[in-house]
Amino acid sequence: MADMKLPTRSEDFSEWYNQLVLRAELADYAPVRGCMIVRPYGWALWENITAALDQRFKATGHMNAAFPLLIPRSFIEKEKSHVAGFSPELAVVTHGGGEKLEEPLVIRPTSETIIGHAYAKWIQSYRDLPLLINQWNSVVRWELRTKLFLRTLEFFWQEGHTAHATAEEAEAETRQMVDVYTDFARNEAAIPVIPGRKSEAEKFAGADITYSLEAMMGDGKALQFCTSHNLGQNFAKAFEIRYLDKNGVLQFCWTTSWGLSTRVVGAIIMVHGDDQGLIFPPRLAPHQLAIVPIFKSDEEKTTVLENARKLQRELIDAGVRVKMDEREGISPGFKFNDWEMRGVPLRLELGPKDVAKASVVLARRDRPGKEGKSFVAQQGIAAAVKQQLDEIQQALFDRALAFRNSHTVEAESYDEFKKAVETGFAFSWWCGGGDCEAKIKEETKATMRCIPLEQPGGSGSCVYCGNRSAERAIFAKAY
RNA sequence: CGGGGCGUGGCUCAGCCUGGCUAGAGCGCCUGGUUCGGGACCAGGAGGUCGGUGGUUCAAAUCCACUCGCCCCGACCA
């Protein structure tokens with residue numbers, strides 16, 4: 001049964017990822033190149049992600065809305081760096097109702113422009129500010145090379161767009177959302193992220209400052225988890241988003257935008273997964289616990305299933321997301337492997353022996369084999385399950401953090417630096433110069449991921465040019 | 001857009017070089033039976049315009065031309 005096994009992560013990380021996404025039924029390829037069908041199991045994960053975020057957005061005063069998919073092409077052209085950044089990857093609608101359109105329509109690659117247009121109408125006074133709106137939608141960017149979840153032509157995300165009276169407020173909002181995302185990443189996705197600032201070269205087309213959260217994948221490469229942009233007055237000026245202040249003076253607004261996409265599904269796969277398959281963090285897992293009933297005879301089947309259903313109800317009532325595996329004609333061993341491949345964090349095995357002892361076997365996904373199995377009394381099962389789920393959640397975070405730490409080098413020399421980015425992150429002094437950044441990219445394929453908000457202090461010499469530098473930056477090969 | 005690879009039942013592929021019987025295998029699927037505490041087994045069965053178009057030939061999955069699509073690697077990106 002060799003072909004039931006996945007390629008190992010060490011022999012071919014990329015192929016491991018591709019096969020796992022398909023086999024675990026998270027997603028499938030669509031008829032159009034670069035597009036993805038998100039299957040129910042993958043969408044269930046995304047729904048849990050959206051729920052965790054949406055609740056945080058609302059708690060910080062944002063409301064959801066829906067803006068149109070189609071944008072007049074001229075809108076994109078109003079902000080000059082925005083055009084330059086997005087033009088190459090636009091999908092354009094030229095015909096409608098069988099007629100050639102007067103003005104081509106762009107399928108949104110992001111919604112700053114159409115939202116800016118609306119904000120210009122809605123905002124008149126300082127009393128209208130701040131305006132705090134988010135939308136859940138999909139956008140289209142004509143990418144050349146795609147990979148399921150990580151980069152697809154169409155991807156699902158949320159984009160928040162806010163307008164403020166002052167630069168300080170806009171910056172505070174931008175930073176607040178960095179904190180919201182960081183909290184989500186660490187506490188829900190169990191992914192240790194590094195919040196930081198992007199370089200001029202890497203920032204969003206049209207932003208004054210871009211913050212991002214960077215995460216290390218299981219192969220040592222970096223993935224941008226999400227971004228939060230301080231757009232300054234760039235879009236406010238392009239779309240004339242203005243308000244009258246208390247003194248009756250007409251002012252331009254200060255705007256922000258921030259987004260997180262289905263890419264984080266890829267991050268979760270690549271951070272936590274092992275050679276056996278997926279491992280989902282309990283807080284986001286579609287099924288937190290899978291029940292595998294074990295029996296031979298019909299009598300055993302009756303008693304085991306009856307007991308299993310009772311436990312299922314009890315756990316559901318306690319708020320645990322439970323999947324009962326009643327598939328017939330499939331051996332328990334197969335089911336064990338199947339749920340492990342699909343990343344269910346906890347498995348409950350229940351056979352005649354367990355029924356007799358009024359206990360169950362709990363098997364932790366993060367600890368393969370016997371080591372992760374424990375016998376647990378049915379009395380008080382819900383509490384025991386919840387405790388183990390919490391432990392797994394924490395263990396996944398700890399493991400990811402330990403991995404990142406062991407693959408991060410505070411490289412001082414360029415030689416050290418080059419070695420570091422082959423296997424992980426280099427955290428090095430950088431002068432901030434675009435020339436050094438470009439040369440490094442050219443020579444090592446590693447890019448400036450971010451200048452972490454958290455700095456060691458002091459100063460050192462730039463890892464490339466040797467000039468005095470006040471900040472360290474993360475460099476890595478990235479997805 | 002450059003480089004590489006591949007299109008044959010749902011999936012992975014063999015067959016192609018050197019044209020020739022009803023086009024094969026494994027997995028999966030359906031039916032029945034025996035199994036079932038770490039990826040079970042036996043028997044029977046369903047399922048294919050060999051990516052497309054054109055050409056060569058008595059004869060094309062196989063040779064030729066064109067074409068479409070996908071995957072992988074690079075430059076661009078969340």
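Please read all numbers here as calculations on a predicted model, not as lab measurements. Here is the naming used below: chain letters follow the sequence lines, and residue numbers restart at 1 for every chain.
Note on A:Arg347: a base of the nucleic acid sits closer than 4.0 angstrom, heavy atoms only. Contacts of A:Pro352 with the nucleic acid, taken as non-hydrogen atoms under 4.0 Å apart, include base atoms. Residue A:Ser87 is out of contact with every strand shown, counting any heavy-atom pair closer than 4.0 Å. Among the heavy atoms of the strands, none lies under 4.0 Å from A:Lys147. Using a 4.0 Å heavy-atom cutoff across all strands shown, A:Thr262 reaches no nucleic acid atom at all. Residue-level contact check: A:Leu150 touches the bases, meaning some heavy atom is under 4.0 Å from a base atom.
A:Glu340 contributes a side-chain N or O that forms a donor-acceptor pair with the base of B:rG38 under 3.5 Å. If you check distances only, the side chain of A:Arg151 does reach the base of B:rC77 with a donor-acceptor pair under 3.5 Å.
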Problem - Verdict with supporting geometry, A:Arg108 and A:Thr113, side chain to side chain contact (heavy atoms under 4.5 Å, CB included) - result: CA-CA 9 Å; A:Arg108 63 185 167 210; A:Thr113 59; over 6 Å; no
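A donor and an acceptor atom, one from each side chain of A:Glu443 and A:Tyr464, are located under 3.5 Å apart. Using modelled atom types and a 3.5 Å distance limit, the side chains of A:Asn337 and A:Gln276 yield a donor-acceptor pair. For the residue pair A:Asn48 and A:Glu188, no side-chain donor N or O sits within less than 3.5 Å of a side-chain acceptor on the partner.
Contact check for A:Phe475 versus A:Thr447: no side-chain heavy atoms found under the 4.5 Å cut-off.
Look at A:Arg145 and you'll find a side-chain N or O under 4.0 angstrom from OP1 or OP2 of B:rG74. Proximity of A:Thr447 to the phosphate of B:rC77: no side-chain N or O atom is located under 4.0 Å from OP1 or OP2. In terms of phosphate contacts, A:Lys477 brings no side-chain nitrogen or oxygen within less than 4.0 Å of OP1 or OP2 of B:rG74. For A:Ser331 and B:rG39, the shortest distance from a side-chain N or O to OP1 or OP2 is not below 4.0 Å.
Outside the 6.0 Å centre-distance limit, the rings of A:Phe425 and A:His407 are not counted as a close aromatic pair.
For RNA chain B, the neighbouring residues in residues 353-361 of chain A, judged by any heavy atom under 4.0 Å, are A:Lys353, A:Asp354, A:Val361.
Counting to the nearest Å, the C1' atom of B:rU35 and the CD1 atom of A:Ile330 are 14 Å from each other. Distance, A:Glu89 CD to B:rC1 C1': 15 Å, rounded to whole Å.
Cation-pi contact between A:Lys357 and A:Phe375: present, with separation from the ring centre below 6.0 Å and deviation from the ring axis of at most 45°.
Using a 4.0 Å cut-off between charged nitrogen and carboxylate oxygen, A:Asp183 and A:Arg56 count as a salt-bridge pair.
Set against B:rG39, B:rG38, B:rC76, the side chain of A:Lys441 has B:rC76 as its closest nucleotide. Which of B:rG38, B:rC77, B:rC73 sits closest to the side chain of A:Glu143 comes down to B:rC77.
In RNA chain B, runs of at least 3 consecutive Watson-Crick or G-U pairs, each pair with both distances below 3.5 Å, span B:1-7 with B:68-74, B:10-13 with B:24-27, B:29-34 with B:40-45, B:51-55 with B:63-67.
Of the two residues near RNA chain B, A:Glu154 and A:Tyr29, the one whose nearest nucleotide lies more 5' is A:Tyr29.
Checked against A:Trp258 for a ring pair (Phe, Tyr, Trp, His ring centres under 6.0 Å), the options A:His161, A:His62, A:His229 give a single hit: A:His62.
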